Amino acid sequence: MFDPVSNSVKFPDLESRILRLWKERRIYEKSLERRRGAERFVFYEGPPTANGLPHPGHCLTRAIKDLFPRYRTMRGFLCERKAGWDTHGLPVEVEVCKELGIHSKEEIEAYGVEPFIHKCIESVFRYMQQWERMTERIGFWVNLEEAYVTYHQSYIESVWWALKNLFDRGLLYQGYKIVWWWAQGGTALSSGEVGQGYREVADPSVYVKFPLLDDQGKESGTSLLVWTTTPWTLPSNQFAAVHPDLEYSLVEDAEHGGKLIIAKALVETIAAKVGRTLTVLSQMTGRMLVGQRYLPPFHYYYQSLGDKQGVGRDGDPHYIAWRVLPAEFVTTDSGTGIVHQAPAFGEVDFSVLLEEQSQFAAGEGPELICAVAPDGKFTAEAGDFQGRWVKDCDRDITRSLRHRGLLYHQEQYLHEYPFCWRAENDPLIQYPRRSWFIRTTQFQQQMLDNNRQVHWLPEHIRDGRMGNFLETNVDWALSRERYWGTPLPIWQCEQTGQQEAVASYEALRNKPGFAGTEAWTKAKAAHPELSDDLKIHKPYIDEITYDSPFAPGARMRRVPDVIDCWFDSGAMPFAQWGFPHIGAEQFGEQFPADFISEALDQTRGWFYSQLAISTLLFGDKAQGQPPLALTRSLDFPHPFKHCIVLGLMLGEDGQKMSKSKRNYREPNEIFDRYGADALRWYFFAQQPPWTTIRYSEQAIKDSIPEFLLRLWNVYAFFVIYARIDGFDPAAEAGSVEQLTTAELSQAGSYRPANLRSELDRWILSELNRCAAAVTELMDAFDNYNSAAAISEFVDALSNWYVRRSRDRFWREDQRDPDKLDGYWTLYECLLTTSKLIAPFVPFLAEAIWQNLAVAEFPKNALESVHLCDFPTGDAAAIDRDLSARMALVREIVSQGRAARVGAKMKVRQPLAKVEVILADRTHQPWLTEHVTLIADELNVKQVEFTQQADQYITYTVLPDLKRLGPRIGKRLPALQQAIGDADAAALLAKMESDGHLTLTVDGEPLRLDSQDLKVRLQARPGWAAAQGKSCVVVLSTELNDNLIAEGWAREIVHVVQTARKDINCQYTDRIAVGLDTDDANILAAMVQFADYIRSETLASELTRGPLKGVSPTETNVGAAALRTYVKVVKP
RNA sequence: GCGCGCAUAGCUCAGUUGGUUAGAGCGCCACCCUGAUAAGGUGGAGGUCCUAAGUUCGAAUCUUAGUGCGCGCACCA
């Protein structure tokens, strides 16, 4: 027996009950158990960073990550889902710093690295719990107990193994490079991280004079005009660069008093900027300027090195700096065409220096000039500016230039500039630094090849965003001079500087002379609760030393760096298992992933880091690189095959979601108000997942009545009547499991579909059509169109099948075969729908299944819908003709209603006749046999399909362009003209009689068959008619006494039904009705249709006049007053 | 500056390989139903498919250019 169903359902409450059920009965575990040994569908969880609270955008990611694994599990695959947490790196350190109210590295050091690390792990742990709660609440089934965590020792050792592999192959190297440097944080950032922090800012932009020197080293009176937006780099100026082939002009600015050299193309622009006339004195090419010496804007280095010369490779002496150099990259897009070179603060400038150095004999060339310390403050070499943050000095530097007459012009320059992605107020600077790099550029082509094999959704990511990113690949800046991260596993000989990589703690312990474990032992003794994973983190790991294999007596010490946390997450395909130290079997079984999904911002993040690491480590079988010990062959793509790239979710205001703007609602509040299913359905059904999605609370709310509640009402309807009628499938069908058609058909009263009514066969056909479509779409990762198909089916079920079936369920005879057919049909539809929606809205699906299957078959039915097989549709049950026909019926009814509205004829008033004119008469014979349905819906006595309908309509005959276009192409307009000129009715008559006709088009005959022409109908004015795409419906509005009387009767029924509702009748209550009116017509109708009124209203007594002790309902029927008395009759 | 994407009804969004009358939901207006009922349903109004040029017999759809928005990239000196 089914449990009674509340008709005022609260989805959030229902969901919490389901969550308990899943947990208590371990349904997720059982869903995997059922598929043990089956083919795998491999899913990788991109680890969320555990350093902040989740917002609705994260809910979308988790919902999509749940949808496809659930679906594939129901389709028979084994899909294990291991949770994961990204726990290292800058984000965490920054969060902890905020908490401690500190910022710089000095402050962290002063606080103490050891307690700082302890804070980091605490912070991560806290956020992980928040995320776990959201994960469970949204119904994301994932194994949280065995989550991989990037700070775990086993995980780190996997990463170490990978790094050792790269190191041993010469792919991990230390280089002196200009990096994007976070001065306050004291570390370099990867290009991926830098990319996350670009912001538009206004910087000072200065035009500075560099006075040229003559042969004697005296000022010549002419200056180079140089532009920069970073005045703070001027003290470190080393060269000025010009394009050798560019034209330059010597100009005079009379007012400012001086001769200047500017690119010819920019003279006018600069004159306009300063608002003065620049008189051109002469022209020259850049080549002619090359080699000239100038006076730099600051003397800090110049005073000691200005006259210094070095021996060039040509054997001659050359000045080592402050000369004009040729450079191809100089353009006239902006500035002056002469570029200030501070090699310490620009990658290109630095390469200019290297090039220049190569022109000198060893040790003779220019050294790098850098007046800025790693903390971003000027060094003692910058005199007055010493100790000050460089960006703060821009103003004073400009002032100094002005005082000395070197500032020619100053303005604000609006441009994008990178800031630290985690410390938003810290601008990054380019800075020379020795750091560790992975030689990814060497594998650029392989990465591109690998990427090309990935099935990206949407497709354009492949060659677009991802492809372009790979095309501009640079070596991965891996090291971070920070604290909370995977330590770089490289130990260096303190004597020779030689290095080696270590792949595990075990390997380290086996080194001769291994020592330095005291720090950890002591910490653990003082804080026994400390996680053992900290043992291989800073600062403890830094204490570990061992005997150098490179020099007797020397010790090996670890380099101090930790690594980019993106490398951590990118290593998860193997590191989640601890591969290769442990977990080789799991890795072999679960590599590569069939499916991953994250938001668009992960293109340069997790998508890239995975792809890069995998390509470098595992290569491609086809390209001959020996794969590591894997059970699967290693063809591209790996480590993932299908990737859904989610669009970013914007806040309600169209802006990026941000905590400070509060332009979104906390996920928990959404769950409490609307429920997880409502949110999920909104995600899946509102738009394809890769579109930028604007958070809309209203749309989430709407998914309840539009879908969830609509289905719930059908379900509630079924249960209400099944209980009333004692419909009890379990009494008839014994051994069931998934309640499939085959299983249900054991029941005695279950009749095969072909014996059931047209309506039953229709909805079963729709059901199977829907299931087949959803299966095909979901196999192709198309959740949007799947949801649309399901929604359409539920609409058909609710608004046509149930509505059209109601009177069957009201029949007295509980064993009426047609009634039982209805129950079986609706039961099957609901059971199958529950399975279809299970991956999408798992809570509602489960609630329905629990009642319709489990409560009814407690011993036999599978205990959760999520253990069932996904319904793929039975082709034999699909009847496309029937679908088309029923669609036509629905259109006719819809047009009939429109015609009634137009004629102001309410549906309660029966009409004698409607006439239907079809544009295409293919289905007319069938319709003729099924007119009762139409008659009933439209409340008419007779439905006629009219062929000779000229009085009602005009025909327009149109060519079927889609058919004819390819065939006759350019002749189409002439054909359209010819058809337009001809008499439509005559053409149709001809077509009707001959099956084809021939028209003269462009002087040539053209034979058309019936398929080539389409008919459009238009209702003539003057009739109560409405026209749709494929039919015109004409009402006969003439009434006779009989029709009017029946109309009265229906009015009476309406009034009585309302009264039933007013006195809160149960569905099955019998009533006594008294009607009191002076209107003879109504009285007559009451007598004439007494039986009808009684049966419609469940009235056992129908009398004229008042009922004792009952207060009447006063209504007007037409012009007459009617007093209605209703009371429940005790059985 | 370069690249990727987006632009359709008041709002949120669909629109399948180019095809005749461009759809849905919400909102609005008018109604219906009353044995799923603090539900349900029907109809209507509402659209220069961002602009312009082009390709084509035919363009919301394809091409090019432009405008606006989002995102990304970086030799922004």
Side-chain angles (χ1 to χ4, degrees), chain A residues 5 7-8 191 194-195 198 226-230 233 241 327 329-331 333-335 338-342 345-349 351 413 415-418 458 460-461 463-465 468-469 472 600-601 603-604 647-648 650 654 656 686-688 690-694 696 698-699 701-703 705-706 709-710 712-718 720-721 724 784-785 788 791 798-799 802-803 806-807 809-810 893-894 897-898 900-902 906-908 958-965 968-976 1014 1016 1026 1029 1053-1054 1057-1058 1060-1061 1065-1069 1096-1098:
Chain A
V5 174
N7 41 31
S8 61
S191 60
V194 175
Y198 274 89
V226 169
W227 178 64
T228 181
T229 55
T230 49
T233 62
F329 59 79
V330 176
T331 66
D333 293 343
S334 57
I338 306 174
V339 178
H340 149 61
Q341 295 287 291
F345 310 115
E347 209 177 321
V348 172
D349 301 27
S351 62
Y413 184 69
H415 65 160
E416 296 277 313
Y417 194 85
H460 63 74
I461 298 287
D463 297 324
R465 208 158 271 230
N468 287 336
F469 179 63
T472 59
L600 183 66
D601 56 357
T603 313
R604 288 169 304 108
L648 290 177
L650 305 178
K656 206 167 170 176
Q686 181 79 5
Q687 65 278 303
W690 43 82
T691 46
T692 305
I693 164 172
R694 186 135 155 200
S696 159
Q698 188 58 45
K701 207 169 163 181
D702 288 345
S703 59
E706 270 172 36
L709 198 54
R710 181 176 287 173
W712 183 269
N713 282 331
V714 175
Y715 157 65
F717 176 92
F718 170 79
I720 288 168
Y721 289 102
I724 290 172
Y784 175 72
N785 286 303
S791 195
S798 169
N799 292 332
V802 169
R803 200 155 60 84
R806 272 192 286 214
D807 59 345
F809 295 113
W810 301 336
V893 168
S894 174
R897 290 214 185 87
R900 269 189 176 271
V901 170
K906 57 170 68 172
V907 181
R908 273 200 290 271
L958 294 166
D960 183 337
L961 298 176
K962 211 165 184 172
R963 257 174 80 84
L964 290 166
I968 64 170
K970 292 194 183 198
R971 294 168 70 200
L972 262 181
L975 173 65
Q976 282 171 306
K1014 287 191 167 176
R1016 188 179 303 160
K1029 280 215 158 180
V1053 168
H1054 168 62
Q1057 296 289 30
T1058 310
R1060 273 187 75 108
K1061 186 185 158 194
C1065 280
Q1066 296 298 301
Y1067 306 131
T1068 48
D1069 282 346
E1096 283 296 304
T1097 60
L1098 292 186

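Each chain gets a letter, A, B and so on, in the order its sequence line appears, and its residues count up from 1. As the structure is a prediction and not an experimental result, all values here were calculated from the model.
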Inset, instruction - In whole angstrom, give me the gap between the C1' atoms of B:rC4 and B:rG44. - result: 42 Å

Legend entry - A:L650 backbone acceptor or donor facing A:R694 side chain under 3.5 Å: no

Inset, instruction - Provide the distance between the two P atoms, one in B:rA9 and one in B:rU61, to the nearest whole Å. - result: 15 Å

Inset, instruction - Using a heavy-atom cut-off of under 4.0 Å over every strand shown, decide if A:T603 touches base, sugar-phosphate, or nothing. - result: nothing

Legend entry - Between B:rU56 and B:rA74 - P atom distance, rounded Å: 42 Å

Inset, instruction - Assign A:E1096 to base, sugar-phosphate, or nothing according to its heavy-atom contacts below 4.0 angstrom with the strands shown. - result: base

Look for any protein N or O under 3.5 Å of an N or O in nucleotides 57-62 of chain B and output each such pair with its distance, or none.
residue, atom, partner, partner atom, Å
B:rC57, N1, A:G969, O, 3.4

Legend entry - Side-chain N or O of A:Y721 closer than 4.0 Å to phosphate OP1/OP2 of B:rG35: no

Inset, instruction - Would you confirm whether A:R465, through its side chain, and A:I461, through its main-chain N or O, come within 3.5 Å as a donor-acceptor pair? - result: no

Inset, instruction - For B:rC33, take OP1 and OP2 only and decide whether either is under 4.0 Å from a side-chain N or O of A:R803. - result: no

Legend entry - Minimum-distance pair of heavy atoms, taken over all atoms of A:Q976 and A:L961: NE2-CD2, 3.9 Å

Legend entry - Taking every non-hydrogen atom, the tightest pair across A:R1060 and A:L1098: NH1-CB, 3.3 Å

Inset, instruction - Look at the rings of A:Y721 and A:F809 and say which category their plane angle falls in: under 30° parallel, 30 to 60° tilted, over 60° perpendicular. - result: parallel

Inset, instruction - Ignoring backbone atoms, test whether A:H340 places a side-chain nitrogen or oxygen under 4.0 Å from the OP1 or OP2 oxygen of B:rA77. - result: no

Legend entry - Spacing of the P atoms in B:rA60 and B:rG3 (rounded, Å): 28 Å

Inset, instruction - Considering just the side-chain nitrogens and oxygens of A:N799, establish if one lies under 4.0 Å of OP1 or OP2 belonging to B:rG41. - result: yes

Inset, instruction - Test for a donor-acceptor pair under 3.5 Å between the base of B:rC71 and the side chain of A:R465, counting only N and O atoms. - result: yes

Inset, instruction - Please measure how far the P atom in B:rA22 lies from the corresponding atom in B:rC49, and state the result in whole Å. - result: 11 Å

Inset, instruction - Would you name the heavy atoms of A:A342 and A:T233 that are closest together and state the gap between them? - result: CB-O, 3.7 Å

Inset, instruction - Begin from the C-alpha positions of A:R908 and A:V1053 and carry the test side-chain contact (heavy atoms from CB on, under 4.5 Å) through to its verdict. - result: CA-CA 10 Å; A:R908 273 200 290 271; A:V1053 168; over 6 Å; no

Legend entry - Same-atom distance (C1') from B:rG68 to B:rU51, integer angstrom: 11 Å

Legend entry - Main-chain N/O of A:Q1057 paired to A:E1096 side chain as donor or acceptor, under 3.5 Å: no

Legend entry - Test item: A:T228 side-chain N/O and A:T230 main-chain N/O as donor-acceptor pair under 3.5 Å: yes

Inset, instruction - Please determine if a side-chain N or O atom of A:R806 lies less than 4.0 Å away from the OP1 or OP2 oxygen of B:rA36. - result: yes

Inset, instruction - For A:V226, report the nucleic acid contact type (base, sugar-phosphate, nothing); a contact means any heavy atom under 4.0 Å. - result: nothing

Protein N or O to nucleotides 9-12 of chain B N or O, pairs below 3.5 Å:
residue, atom, partner, partner atom, Å
B:rU12, O2', A:Q686, NE2, 3.0

Inset, instruction - Determine the Euclidean distance between corresponding C1' atoms of B:rC6 and B:rC13; express it in Å to zero decimal places. - result: 13 Å

Inset, instruction - For B:rC76 versus B:rC26, give the span between their C1' atoms, rounded off to a whole number of Å. - result: 46 Å

Legend entry - Watson-Crick or G-U pairs under 3.5 Å in RNA chain B, rendered as dot-bracket with [ ] for crossing pairs and | for another strand: (((((((..((((.....[...)))).(((((.......))))).....(((((..]....))))))))))))....

Inset, instruction - May I ask you to say what A:T691 touches in the nucleic acid, namely base, sugar-phosphate or nothing, with a heavy-atom cut-off under 4.0 Å? - result: sugar-phosphate

